[in-house]
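Have a look at the structure below before the remarks.
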Protein chains: 2
Amino acid sequence: MGKSKDRRVERTRSLIRNAFLELTQEKGYSAVTVQNIIDRANVGRSTFYAHFLDKEQLLLSEFKEFQDFLRQQRGNRSIAQRDPDMCVLGFGLAMFEHVQENYHHFKALFTRQDTAFLHQQMQKFLVELVQEELMAMPRDVSSPLPTDALAQFIVNAYWALLFWWCEHEMPYSAKEMDRLTYVLITSGVINMLAPQDQGTGRGSRI
Amino acid sequence: MGKSKDRRVERTRSLIRNAFLELTQEKGYSAVTVQNIIDRANVGRSTFYAHFLDKEQLLLSEFKEFQDFLRQQRGNRSIAQRDPDMCVLGFGLAMFEHVQENYHHFKALFTRQDTAFLHQQMQKFLVELVQEELMAMPRDVSSPLPTDALAQFIVNAYWALLFWWCEHEMPYSAKEMDRLTYVLITSGVINMLAPQDQGTGRGSRI
DNA sequence: TTGTTGTCGAACACGATGTATGGTTAACTT
DNA sequence: AAGTTAACCATACATCGTGTTCGACAACAA
């Protein structure tokens, strides 16, 4: 199971998907119409609606693959066996690397203004993942900020730098970016977790 | 000058503006149509288009007021005479306070998913302001991250917490939020500015 | 082969957009 | 107070994109 049933649906979905990505790169998401897509894909109108409810659903299905990838990366490294230096966002490096590989798709889908709602969607998803990680860590209960706010902070920091990195054509390596983001975040976070403890800024443990 | 010329235009713009804000609160931005607005405002169709090019322009004109407010707040405190504890985002506190006052408008305009492009717009604007502040500060030139990336980080941190705060019906005071955000940011930022110097987390100077 | 299922393409109803026009009235001007 | 301006209204209209429906046909699985 899991394999395709009908070669036709495979073909059609692929045609639509490619046409969509092409057009999005060319004109930006909101400028692309369903008509454009089915013209480029050479596919009947009703066929499109047989596969996707919407232009937006098509986008989200694309975006879901990225989500699955990240969720998988998170699973790969259990919290216990993880390098302490990498523990703020276990899949942070993997995220930078994946974006680097799929640079053009990512830029088309995320860089434009008209896909801003994707950012929100993405951040919401990431916040959940990070929150789970945070909750699995031993931390001061009397911490001034609740876990979800902290997660929001961390995710936004990662996303901000990821976005900047992508907009500026990736001037650093994925590893450097992950490292920079990590340093930028952790010392501040340390203070939130254990206010009495003076963070050294090079602390390897949270 | 600066005053209104015609009472009619004042009245009409106000009617449209209010109808728009009401409807946005009720249905969310994207669900509101021009037809809805002019019905609620009891205004002719052509009248609407005589004042605004677009539904989007109407939104942006609303949003521009917030921008002007922040720019003004920044101007109020010159960088030199500012309390060192407040120097990451000079207008940070003012921003939290302003959002608190216009809570419902803010929530209607920024909290929904379909206005996500406003976030981007807003962050872009804030990044420029923060970047100016950063450049006016003495800092290590060999800093690993360029100024704009750093500004992006700071703005996203503020925005993330502002957003969280607003979504959770403001569980803390504006002052507390500003303080928390400040602490969360600075110690990490210190490390970026002067890597050799070990940040203490309570550093009062950048 | 036979029945099922994906696809085609054309047509259609619907809703929203933005423009144009000529008449009406309220607000400014003197 | 009377005259002038221009903001407003109602209506109509062309346009465009959407999402649905339907009968005919072709590819698929059994």
Side-chain angles (χ1 to χ4, degrees), chain A residues 1-62 112-118, chain B residues 1-63 108 112-118:
Chain A
M1 57 170 151
K3 268 295 169 199
S4 61
K5 286 219 163 172
D6 199 320
R7 206 177 296 149
R8 290 171 294 177
V9 324
E10 203 73 4
R11 187 178 65 93
T12 302
R13 290 186 75 96
S14 172
L15 283 172
I16 292 179
R17 196 173 161 270
N18 288 335
F20 172 67
L21 285 175
E22 276 179 35
L23 287 164
T24 301
Q25 258 166 274
E26 291 170 21
K27 310 203 285 179
Y29 172 73
S30 66
V32 175
T33 69
V34 174
Q35 193 63 50
N36 294 149
I37 299 173
I38 64 179
D39 285 349
R40 176 74 61 101
N42 207 22
V43 148
R45 181 168 197 73
S46 44
T47 303
F48 176 89
Y49 285 105
H51 286 276
F52 303 96
L53 263 90
D54 221 299
K55 186 179 83 173
E56 187 172 318
Q57 290 304 311
L58 171 55
L59 173 60
L60 290 180
S61 81
E62 206 59 37
R112 306 259 190 168
Q113 220 193 20
D114 47 20
T115 50
F117 72 97
L118 262 197
Chain B
M1 56 171 150
K3 268 292 169 199
S4 60
K5 286 222 161 166
D6 199 317
R7 206 176 297 149
R8 287 171 294 179
V9 324
E10 203 75 2
R11 188 176 63 91
T12 300
R13 290 186 74 97
S14 173
L15 283 172
I16 292 178
R17 196 173 161 270
N18 287 334
F20 172 66
L21 286 175
E22 276 179 36
L23 287 164
T24 302
Q25 258 167 274
E26 291 170 21
K27 311 202 286 178
Y29 171 73
S30 65
V32 176
T33 69
V34 175
Q35 193 63 48
N36 294 150
I37 298 173
I38 64 179
D39 284 349
R40 176 74 61 100
N42 207 21
V43 148
R45 182 167 198 73
S46 42
T47 303
F48 176 90
Y49 285 105
H51 286 276
F52 304 96
L53 263 91
D54 222 296
K55 187 179 82 173
E56 187 172 319
Q57 290 305 311
L58 171 55
L59 173 60
L60 290 179
S61 81
E62 206 61 35
F63 153 77
R112 305 259 190 168
Q113 219 192 22
D114 48 20
T115 50
F117 72 97
L118 262 197

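Protein chains get the first letters and strands the later ones, always in sequence-line order, with residue 1 at the start of each.
Heavy-atom contacts of chain A under 4.0 Å fall on DNA chain D between two terminal nucleotides, which in 5' to 3' order are D:dT18 to D:dA29.
Residue-level contact check: B:T12 touches the backbone only, with heavy atoms under 4.0 Å from sugar-phosphate atoms and none from bases. Here A:N36 lies out of heavy-atom contact (under 4.0 Å) with every strand.
When each of B:R8 and A:R45 is assigned the nucleotide of DNA chain C bearing its nearest heavy atom, the one mapping closer to the 5' terminus is A:R45. DNA chain C is contacted by both B:R11 and A:R13; A:R13 maps to the nucleotide lying nearer its 5′ end (nearest heavy atom per residue).
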Passes side-chain contact (heavy atoms from CB on, under 4.5 Å), B:L58 versus B:I37? Steps please. CA-CA 11 Å; B:L58 171 55; B:I37 298 173; 4.0 Å; yes
Derivation and outcome, side-chain contact (heavy atoms from CB on, under 4.5 Å), residues A:L15 and A:T12: CA-CA 5 Å; A:L15 283 172; A:T12 302; 5.6 Å; no
Could you please spell out the steps behind the side-chain contact (heavy atoms from CB on, under 4.5 Å) verdict for A:F52 and A:F20? CA-CA 12 Å; A:F52 303 96; A:F20 172 67; over 6 Å; no
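Residue A:R7 contributes atom CZ, which lies 15 Å from atom C1' of C:dT5 at whole-angstrom precision. Across the protein-nucleic acid pair, A:E10 atom CD and C:dT7 atom C1' stand 16 Å apart, rounded to whole Å. To the nearest angstrom, C1' of C:dT19 lies 18 Å from CZ of B:F52. Separating the NE2 atom of A:H51 from the C1' atom of C:dT5 is a distance of 11 Å, rounded to the nearest angstrom. Look at OH on A:Y49: it is 16 Å from C1' on C:dC8, rounded to the nearest Å. Taking atom NZ of residue B:K55 and atom C1' of nucleotide C:dA16, one finds them 10 Å apart after rounding to whole Å. The distance from atom CG of B:L23 to atom C1' of C:dA16 is 15 Å, rounded to the nearest whole Å.
Listed for the A:T115 side chain is no donor-acceptor partner under 3.5 Å among the backbone atoms of A:L118.
Between B:R112 and B:D114 there is no salt bridge, since none of the side-chain N atoms of the basic residue sits less than 4.0 Å from a carboxylate O of the acidic one. For B:E22 and B:K27, the salt-bridge test fails: no basic side-chain N is under 4.0 Å from an acidic carboxylate O.
Remark: the B:S46 side chain and the C:dG18 base include no donor-acceptor N/O pair separated by less than 3.5 Å.
Cation-pi check for B:K55 over B:Y29 is met; the charged atom lies under 6.0 angstrom from the ring centroid and within 45 degrees of its normal.
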